[in-house]
Amino acid sequence: MSTALITGASGGIGYELAKFFARDHHNLVLVARSAHKLAQIATELQVHGGTVKTIALDLAPPPAPKFLFDQLAGTPIDILVNNAGFGTFGEFAQMPEEEILGQIQLNVTALTQLTRLFLPPMVQRRSGRIMNVASTAAFQPGPGMAVYYATKAYVLSFSEAIANELRHSGVTVTCFCPGATHTGFAKRAGTEKSRLFKQLGAMDADKVALDGYRALMEGRTLAISGVHNWLVAQSTRFAPRRLVTAVSRWVAEKVDS
């Protein structure tokens with residue numbers, strides 16, 4: 001029975017992914033900041049027969065990824081899901097420095113470090129799967145969420161590059177790019193009233209997670225959840241960059257209804 005490590009597992013896509021892994025009888029290591037939520041989820045998922053280990057940890061502080069790795073020294077991790085991340089809405093010049101650096105630390109640095117820590121044992125075993133959760137934000141600049149969009153562009157580029165490096169290793173790397181999804185992300189980011197969520201619509205987290213789970217298990221390098229999100233992502237390749245940026249800003253703007 002393989003073991004899957006999922007970060008950001010206390011809600012949203014991470015929680016829904018955990019349910020799919022549990023139903024397919026994987027052992028789980030779930031990481032998030034809330035010990036209480038993790039305990040509830042562990043009780044729920046243990047009925048499927050696998051073990052569920054929980055670690056309450058904020059992965060943003062620089063020592064955290066290595067601390068997590070050390071805590072799991074006796075547990076071979078077969079599947080790593082780097083799902084933890086956050087965004088903040090607001091213009092860059094007015095955004096608090098801690099919000100800017102916090103996004104970079106969690107979305108980029110922690111994800112990169114966790115991948116570097118857990119990847120070598122997979123390569124040694126010639127078996128393993130990694131999913132880095134990016135976003136359709138990775139495909140264009142994002143005025144109003146400049147740092148968040150930039151971090152997700154990094155995740156996409158990084159994931160595709162190492163997937164190619166590992167093509168003969170027995171280890172697969174999947175970059176999963178959801179679009180707008182009904183999770184706690186929008187509330188924390190301050191985008192609940194954006195045109196994207198209020199008028200253009202968002203997908204349900206369970207459907208998004210299923211797309212990601214299937215892509216991971218199939219070993220696909222890139223997966224975009226939802227046909228409309230795939231079309232939008234593809235369109236950014238051909239449209240003028242100034243237009244792409246302007247549309248991105250329009251979508252992010254808050255509306256009254």
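Everything numeric in this text was worked out from a predicted model, so none of it was measured.
For the pair Pro62/Gln105, a side-chain contact is recorded, criterion being any heavy-atom separation below 4.5 Å from C-beta on. You'll find the side chain of Pro61 stays beyond 4.5 Å of the side chain of Phe67, heavy atoms only. Looking at heavy atoms from C-beta onward, Leu45 lies in side-chain contact with Lys19 at the 4.5 angstrom threshold.
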Applying side chain to side chain contact (heavy atoms under 4.5 Å, CB included) to Phe176 and Val208, what does each step give before you reach the verdict? CA-CA 10 Å; Phe176 182 48; Val208 172; 3.7 Å; yes
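Open room surrounds CD on Glu91; 12 or fewer heavy atoms of other groups in view lie less than 6.0 Å from it. Taking a 6.0 Å sphere around CZ of Arg23, one finds it holds more than 12 heavy atoms contributed by other residues, nucleotides or ligands. Heavy atoms from other residues, nucleotides or ligands lying under 6.0 Å from NZ of Lys37 number 12 at most.
Shortest non-hydrogen contact noted between Asn229 and Met203 is ND2-SD, 3.7 Å. Among all heavy-atom pairs drawn from Pro76 and Thr3, the shortest one is O-CB, 3.6 Å. In this structure, Pro65 and Leu117 approach most closely via the heavy-atom pair O-CD1, 3.6 Å. When all heavy atoms of Asp204 and Thr181 are compared, the pair lying nearest together is C-CG2, 4.1 Å. Across every non-hydrogen atom of Pro178 and Ala134, the tightest pair is CD-O, 3.7 Å. Contact record, Ser135 with Lys152: CB-CG, 3.9 Å, taken as the closest heavy-atom pair.
Summarising the geometry, atom CD1 belonging to Ile104 is positioned 13.5 Å from atom CG belonging to Leu111; distances are rounded to the nearest 0.5 Å. To the nearest 0.5 Å, the span separating OH on Tyr15 from CG on Asn83 amounts to 14.0 Å. Rounded to the nearest 0.5 angstrom, Ile162 CD1 and Asn132 CG are separated by 6.0 Å. Atoms CG and CG, from Asn107 and Leu59 in turn, are 11.0 Å apart once rounded to the nearest 0.5 Å.
Between Asp70 and Lys66 there is a salt bridge, since a side-chain N of the basic residue sits under 4.0 Å from a carboxylate O of the acidic one.
For Phe89 and Tyr148, the ring centers sit 6.0 Å or farther from each other.
By the 30° and 60° cut-offs, the orientation of the rings of Phe21 relative to His26 is perpendicular.
Clustering ILVMFWY residues whenever any of their side-chain heavy atoms sit less than 4.5 angstrom apart, transitively, puts Trp230 in a cluster other than the one holding Tyr149. Met217 and Ile13 fall within a single hydrophobic cluster, where Ile, Leu, Val, Met, Phe, Trp and Tyr are joined by side-chain heavy atoms under 4.5 Å apart, directly or via other members.
Side-chain contact annotation: Asp78 with Ser2, donor-acceptor N/O pair under 3.5 Å absent. Glu99 and Thr88 form a side-chain donor-acceptor contact under 3.5 Å, judged by distance and modelled atom types alone.
Only one option out of Val173, Leu80, Leu114, Val171 pairs with Leu119 in a side chain to side chain contact (heavy atoms under 4.5 Å, CB included); it is Val171.
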